[in-house]
Amino acid sequence: MNKFLKVAVLFIFGISTLQAQNAQKAKALLDEVSTKVKTYENIVIDFKYSLNNPKENINQESKGNVTLKGNLYNLNFMGITKIFDGKKIYTIVPEDEEITISKYDESDKDTVTPNKMLTFFDSGYKYSWDILQNIKGRKIQYVKLVPISSKDQRKEVLVGVDVQTKHIYNLIETGKNGTRTTLTVNSFKTNQPLSKNHFTFTESKYPNYYINRLD
């Protein structure tokens, strides 16, 4: 083996080793986030959501909030409320005075639902260590996720983690079609006092609504 070839092999090996180390470091940080999230009794999040697609000239922004407790959730977003009580999903649309009741599909593991938004990255991705940014005095470390499945319509997802709190600051998702969505956490509260019916759908509250039952 000549000298140039030896150097090339060592260089390639060095890059591969560094990439593997960065992947391990990235996964370890996300594991910390996931572990910490699971220690809370509940989580209440206020967030901002933006969608941008330059090709289609689409630029939208909206705000929402979600309460999480285990796999239960109560989401308010774009005028629509979604409640998951552990068995069924209730989608309430006041503008149309319509409610859709559907059964939760446990086999659909790829869909990022509200109760997975802080742990969806546990598996199914290639991980890499990305940039560190200082945002309003907070150090935000980004981890890049590339879906393993070729059927996934997402090109990549950037997860921004607050280095101090180990809470997610934002999620930046880029689709294969060029669409870019960003979810930014404005407020992250834990172990809040909640009513016992917070994740319960009460049909009597909506006497004039049309109910579409898919369950």
Side-chain angles (χ1 to χ4, degrees), residues 23-50 62-78 80-92 102-125 127 129-130 132-145 147 154 157-173 181-202:
Q24 290 173 358
K25 186 165 63 170
K27 183 62 166 63
L29 177 60
L30 295 183
D31 285 345
E32 281 190 77
V33 173
S34 182
T35 298
K36 191 166 187 178
V37 162
K38 292 171 184 177
T39 65
Y40 299 127
E41 176 67 21
N42 61 64
I43 301 172
V44 180
I45 296 173
D46 289 328
F47 62 86
K48 181 177 73 174
Y49 178 87
S50 65
S62 52
K63 294 182 179 180
N65 61 77
V66 62
T67 302
L68 309 168
K69 183 177 181 180
N71 67 336
L72 311 180
Y73 63 79
N74 186 318
L75 170 70
N76 295 287
F77 182 55
M78 298 183 73
I80 297 172
T81 297
K82 272 196 171 189
I83 299 172
F84 177 52
D85 63 5
K87 294 181 179 179
K88 297 179 182 179
I89 300 171
Y90 303 86
T91 304
I92 305 164
S102 56
K103 192 174 182 180
Y104 175 63
D105 185 3
E106 293 183 6
S107 63
D108 190 2
K109 299 183 183 299
D110 295 328
T111 303
V112 179
T113 53
N115 54 338
K116 296 179 184 176
M117 66 181 291
L118 301 178
T119 57
F120 74 92
F121 41 73
D122 284 350
S123 62
Y125 301 90
Y127 306 89
W129 196 255
D130 212 86
L132 175 67
Q133 285 190 333
N134 191 313
I135 302 177
K136 298 179 181 179
R138 300 167 64 185
K139 290 184 178 180
I140 307 299
Q141 176 63 56
Y142 284 91
V143 171
K144 182 185 290 186
L145 311 179
R154 295 169 298 171
V157 182
L158 282 172
V159 181
V161 179
D162 187 310
V163 174
Q164 182 177 0
T165 63
K166 298 298 188 297
H167 292 162
I168 290 179
Y169 168 72
N170 65 354
L171 301 170
I172 304 170
E173 182 179 294
T181 60
T182 303
L183 186 149
T184 303
V185 175
N186 293 326
S187 173
F188 190 104
K189 298 178 182 178
T190 61
N191 303 333
Q192 299 296 295
L194 303 176
S195 70
K196 63 179 182 179
N197 298 320
H198 196 77
F199 304 99
T200 302
F201 170 72
T202 306

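Predicted, not measured: the structure shown is a model, and the values here were computed from it. Positions are given from 1 along the sequence.
- Put simply, the side chain of D130 never gets that close to the backbone of K144: no donor and acceptor are under 3.5 Å apart.
- Heavy atoms only, all atoms of each residue included: Y127 and Y125 are closest at CE1-O, 3.2 Å.
- When all heavy atoms of E173 and V157 are compared, the pair lying nearest together is CG-CG2, 4.1 Å.
- The backbone N or O of H167 sits nowhere less than 3.5 Å from a side-chain atom of D162 that would complete a donor-acceptor pair.
- Screening L145, D122, I168 against L30 for a side-chain contact (heavy atoms from CB on, under 4.5 Å) leaves a single residue, L145.
- Here NZ of K36 is found 7.5 Å from NZ of K166. Values are rounded to the nearest 0.5 Å.
- Remark: Y142 OH to I172 CD1 distance equals 4.5 Å, nearest 0.5 Å.
- Under 3.5 Å, the side chains of N76 and N65 contain a donor-acceptor pair of N or O atoms.
- Looking only at atom types and distance, the side chain of D85 has no donor-acceptor partner in the side chain of Y104 under 3.5 Å away.
- Residues satisfying the ring pair (Phe, Tyr, Trp, His ring centres under 6.0 Å) test with F77, not counting sequence neighbours, are F47, Y49.
- Atom-to-atom distance recorded for L132:CG and I140:CD1 is 8.5 Å, nearest 0.5 angstrom.
- Remark: Y169 pairs with no residue by the ring pair (Phe, Tyr, Trp, His ring centres under 6.0 Å) rule, at least two apart or across chains.
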